[in-house]
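Owing to the predicted nature of the structure, the values given are computational and were not obtained by experimental measurement. Each chain gets a letter, A, B and so on, in the order its sequence line appears, and its residues count up from 1.
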Amino acid sequence: MSTETLTDAPGGNAELRAYLHGLPGVDQVGAEERAARLATRSIKTTAKAAAIDLAISMVDLTTLEGADTPGKVRALCAKAVRPDPEDPAVPKVAAVCVYSDLVGVATAALRGSGIGVASVATAFPAGRAPLEAKLADTRAAVAAGATEIDMVIDRGAFLAGDYLKVYEEIVAVKQACGDAHLKVILETGELVTYDNVRRASWLAMRAGADFIKTSTGKVSPAATLPVTLVMLEAVRDFRAATGRQVGVKPAGGIRTTKDAIRHLVLVNETAGPDWLTPRWFRIGASSLLNDLLMQRRKLATGVYSGPDYFTLD
Amino acid sequence: MSENVFEYAPAPESASIVDIRPAYGLFINGEWVEGQDGRSYKSVNPATEEVLAEITEAGPADVDRAVAAARNAFDNVWGPMPGRERAKYLFRIARLIQERSRELAVLESIDNGKPIRESRDVDLPLVAAHFFYYAGWADKLAHAGFGPDPRPLGVAGQVIPWNFPLLMLAWKIAPALACGNTVVLKPAETTSLTALAFADICRQAELPPGVVNIVTGAGETGRALVGHPGIDKVAFTGSTEVGKQIARMVAGTRKRLTLELGGKAANVIFDDAPLDQAVEGVVNGIFFNQGHVCCAGSRLLVQESVAEELLARLKTRMATLRVGDPLDKNTDIGAVNSAEQLDKIRTLSQIGEAEGATRWSPPCELPSRGFWFAPTVFTGVAQSHRIAREEIFGPVLSVLTFRTPAEAVEKANNTPYGLSAGVWTEKGSRILWMAERLRAGVVWANTFNKFDPAAPFGGYKESGFGREGGRHGLEAYLDV
C-alpha cells in the first residue's frame with residue numbers, strides 16, 4: 001500500500017470498495033479472545049494510580065440529552081475543571097462534549113481552562129439529514145467556539161456499499177471544521193461486523209479524520225473492547241502506512257474504572273504507548289468520572305467513600 | 001509519554017494458599033507409604049531454583065505394590081462397580097478440582113514454571129472439564145459405538161510428561177476410570193507435586209483404595225512400570241525417543257499401548273489471512289507454556305507475499321510479551337521447567353545460528369536466578385536446518401515461506417512428526433482443502449492450541465498413535 005494511494009482522493013466507489021475490501025480481514029473469535037485476554041491484566045498500586053489519573057485526563061465529559069439546559073452545561077464545565085473539589089491534584093478532563101446549540105455556553109464557562117469544547121454536529125445521532133444541514137450544524141458549532149467536532153457517518157450509505165458518499169461527507173465536514181479537530185463516529189453497533197469496523201476506520205482516516213470514535217452512546221452495543229481493539233489496530237497500521245497518527249475514542253458504556261483501565265491496557269499493548277495521551281486517546285463518558293474519583297480516593301486513603309462524597313454534575 | 005507511565009506494577013498471586021510438605025511418599029492403595037529402598041530426589045521451583053520438596057523415588061518393589069493394589073481394586077471393587085456409581089466418584093473429583101482450582105493452579109505454577117494466567121485460565125478449567133466429560137460417559141459406554149457391553153482392560157500403567165502435569169493426569173486418569181480400569185500413574189520427576197495433590201483429592205472424594213495409585217520417580221521408575229507384567233495397558237505422553245523405547249518394551253506382550261509423542265507443527269498463513277489474529281495465533285502457538293507443548297506451532301509457514309508484513313507485526317507483538325515471575329498475573333512467559341531443558345533449547349538455538357538462520361529476540365530482561373529463555377524467532381530457515389526438523393520444546397519459532405498452497409502442504413507434511421497443524425485464511429474452501437491434505441492429528445483453522453475434552457487428540461507418524469479425548473479416547477481403555 002503506497003502513501004500516494006492513501007492520500008489521493010478515491011477514483012470512484014469501485015476503487016474505494018476494492019481498497020477497503022483489500023484490507024486484511026478480522027477473525028471474530030480471535031479478536032474477541034485477544035480482547036478478553038488483555039482484560040485479565042492485573043493493574044495494581046502505582047500502575048493503577050497512574051492509570052486512573054491518565055484516564056481522568058482523557059475523559060470527554062459528555063452530556064447529550066434533549067433535556068440539557070445551559071445551567072446543566074455550566075455545572076458540567078465546573079466539574080471538568082475541578083473534578084474533585086477536595087483534591088486539586090486531580091487532573092482536568094480533556095474536553096466537554098455537548099450539542100452544538102450549547103457550545104457557546106460551554107465555551108464561555110471553560111474560557112482559559114485549556115479544556116476543549118467538543119460538539120456533536122452533523123445531525124447527531126442518526127446522521128439522517130441532507131449534507132447541507134450537516135455542514136450548517138458543523139459551521140454553527142465551530143463559530144460558537146467548538147474546538148472539536150464529533151460527526152456521525154451515514155451508516156445507511158456505508159451498509160449499502162456507497163463508500164464514496166461516506167468519504168465525501170467526511171471530507172466536506174472536515175473542511176467545514178476549519179481548525180477544529182474532527183472525530184468521526186462510526187457507530188460500530190450498527191456496523192455489526194469487525195470487518196465493517198476496520199473498513200469504516202480506514203475510510204474515515206483516509207478522508208481526513210483526526211480521531212475515530214466508536215459510538216454515539218445512543219445505540220447498543222456501544223464501545224466494546226474488541227471494537228476498540230480493531231480500531232486501535234487500524235490506527236497503528238494507518239500510521240505505519242502513511243506516517244499520519246490518528247486518535248481513538250471509545251464512547252458509550254464505559255462506566256467503571258475497571259472498564260477504563262481495560263481500554264488503556266488495550267491502547268498500551270495494541271497501538272502502543274504513543275497513544276497513551278489525551279491527544280491521541282479519549283474516553284467519551286458521563287458517569288465514569290465519579291467512579292474514577294472514588295477509586296482514586298480509595299487508593300490514596302485505603303477506604304471507600306460513599307457516592308455522596310462526590311459531586312453529581 | 002514514555003512507556004513507564006503505564007508500567008504494570010507486580011501483581012503476584014499469593015503462594016500462601018498452597019501447603020507444600022517437606023517430603024512426600026508414594027500413594028499406594030489409598031495410603032501414603034514410604035519407598036522400600038528409601039531413595040528420594042529433590043523437586044525445585046524452576047523460577048527460583050529453590051528446593052520445594054523431597055520426592056520419593058519408587059523402585060521395582062514399590063511399583064509391584066502399586067500394581068498389586070490396582071489389580072485388587074480392579075478385581076474386587078472398581079471393575080464390577082456399575083458405571084453410574086463410578087460416575088458419581090468422577091463427578092465428585094471434578095467438583096473438588098474446581099473447588100481447589102486456585103490452590104492447584106498456584107501449585108502448578110510453582111512446580112512447573114508456567115505463568116499463573118495459563119494454569120488458572122487454561123490448565124485447571126480443562127482438567128475439571130475432562131473429569132466432568134468422562135464422568136458423563138461412565139454409565140453410557142454401551143452407547144459409545146464399541147458394542148453393547150464394552151469391558152475395561154484392567155490395570156493401566158500411565159506415564160506423563162512435565163509440560164502439563166495436571167492436565168495430562170486428567171487426560172489419562174479420567175477416561176481410564178470412566179471405563180472401569182484402575183491406574184498406576186507416574187508423573188514426571190520434575191513436576192510431581194500436583195499429582196501428589198491429586199492423590200489427596202482422591203482421598204477426599206473417598207475413591208476406593210487402589211483405584212488410583214501414584215508412584216513418583218524418573219526414567220527407572222517408568223521402565224519398571226511399563227515393563228511390569230501385571231499391567232494390561234500402557235499409556236505414555238512424552239518424547240518420541242522414550243516412546244520408541246516403550247514400544248520396544250511392550251512389543252510382543254499382550255499389553256495395549258497408546259503413545260502421544262513429539263511434534264513439529266506447521267502453522268500455515270496465507271496472504272488473505274486475518275493478519276492480526278494470525279499473529280496472535282502464532283504467538284499462542286509457540287510461546288504458550290514457554291513452547292513446552294507437543295503440538296506447538298514451531299514451524300511458521302507464511303506465504304511469501306505477506307511474509308515481510310507478517311514478520312514486522314509479529315516482532316512488534318513479541319516485544320509486548322512479559323517474561324518473568326510465573327506467579328505474577330501479568331506474566332505471559334514463565335520459566336523453562338529444568339536446567340536440562342534450558343540447555344537443550346540453548347544448544348539447538350546455537351545450532352540454528354550456526355546453520356545460517358537469523359535469530360531475533362525482543363529486548364527483555366531475564367531474572368538472574370531460575371531457568372529462563374527469551375522468546376526467539378528464526379528467519380531465513382530452510383527445511384534442511386535442524387531447527388526446522390527437530391522438536392526444540394521451547395519458545396523458539398522457525399519461519400519458512402511458501403508460494404502456492406501445494407507447496408505449503410508439501411512443506412508442512414515434510415516432517416517425521418504429525419501431531420497438529422494450523423491454517424490461516426479467510427477462504428473456507430481452502431481451509432477444507434488444506435485440512436484434507438495435512439498429515440496431522442489436529443488441524444486448527446484460524447486458531448491454534450485449542451483443547452476440548454470432547455475433541456480427540458493424537459498423532460500421525462513419529463507423533464504416536466491412539467487418541468485421547470472424546471468418544472475416541474474411550475477406545476484406548478476398552479476391550480473392543
Self-check item: Verdict with supporting geometry, B/Asp276 and A/Leu229, side chain to side chain contact (heavy atoms under 4.5 Å, CB included)
Solution: CA-CA 10 Å; B/Asp276 287 307; A/Leu229 173 75; over 6 Å; no
Quiz item: Stepwise, does the side chain to side chain contact (heavy atoms under 4.5 Å, CB included) test hold for A/Arg236 with B/Arg313?
Solution: CA-CA 11 Å; A/Arg236 176 197 67 198; B/Arg313 284 170 190 261; 3.3 Å; yes
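Salt bridge A/Arg37/B/Asp121: absent, no basic N to carboxylate O contact under 4.0 Å.
Atoms CG and CD1, from B/Asn330 and A/Ile43 in turn, are 5.5 Å apart once rounded to the nearest 0.5 Å. Atom CD in B/Glu13 sits 9.0 Å away from atom OG in A/Ser42 (nearest 0.5 Å). In this structure, CZ on A/Arg41 lies 4.0 Å from CG on B/Asp332, to the nearest 0.5 angstrom.
Around NZ of B/Lys427, the count of heavy atoms belonging to other residues, nucleotides or ligands within 6.0 Å does not exceed 12. Residue A/Lys258 places its NZ atom among 12 or fewer non-hydrogen atoms of other residues, nucleotides or ligands, all under 6.0 Å distant. Within 6.0 Å of CD in B/Glu308 there are 12 or fewer heavy atoms belonging to other residues, nucleotides or ligands.
Comparing B/Asp328, B/Leu275, B/Asp272 by heavy-atom pairs within less than 4.5 Å of chain A, the highest count is held by B/Leu275. Residue with the most contacts toward chain B among A/Thr45, A/Thr40, A/Asp237: A/Asp237 (heavy-atom pairs, distance under 4.5 Å). No other option in B/Glu426, B/Lys329, B/Glu280 has as many heavy-atom pairs under 4.5 Å with chain A as B/Glu280. Heavy-atom pairs under 4.5 Å with chain B peak, among A/Lys44, A/Glu233, A/Arg34, at A/Arg34.
Neither the backbone nor the side chain of A/Val29 comes within less than 4.5 Å of any heavy atom in chain B. Of the two parts of B/Ala273, only the backbone, made up of N, CA, C and O, holds a non-hydrogen atom closer than 4.5 Å to a non-hydrogen atom of chain A. Contact of A/Asp53 with chain B is not made at all, since no heavy-atom distance falls under 4.5 Å.
Proximity of a side-chain donor or acceptor of B/Gln277 to a complementary backbone N or O of A/Asp27 within less than 3.5 Å is detected.
For the pair A/Thr46 and B/Ala9, the tightest heavy-atom approach, listed with the atom from each and the gap, is OG1-CB, 3.7 Å.
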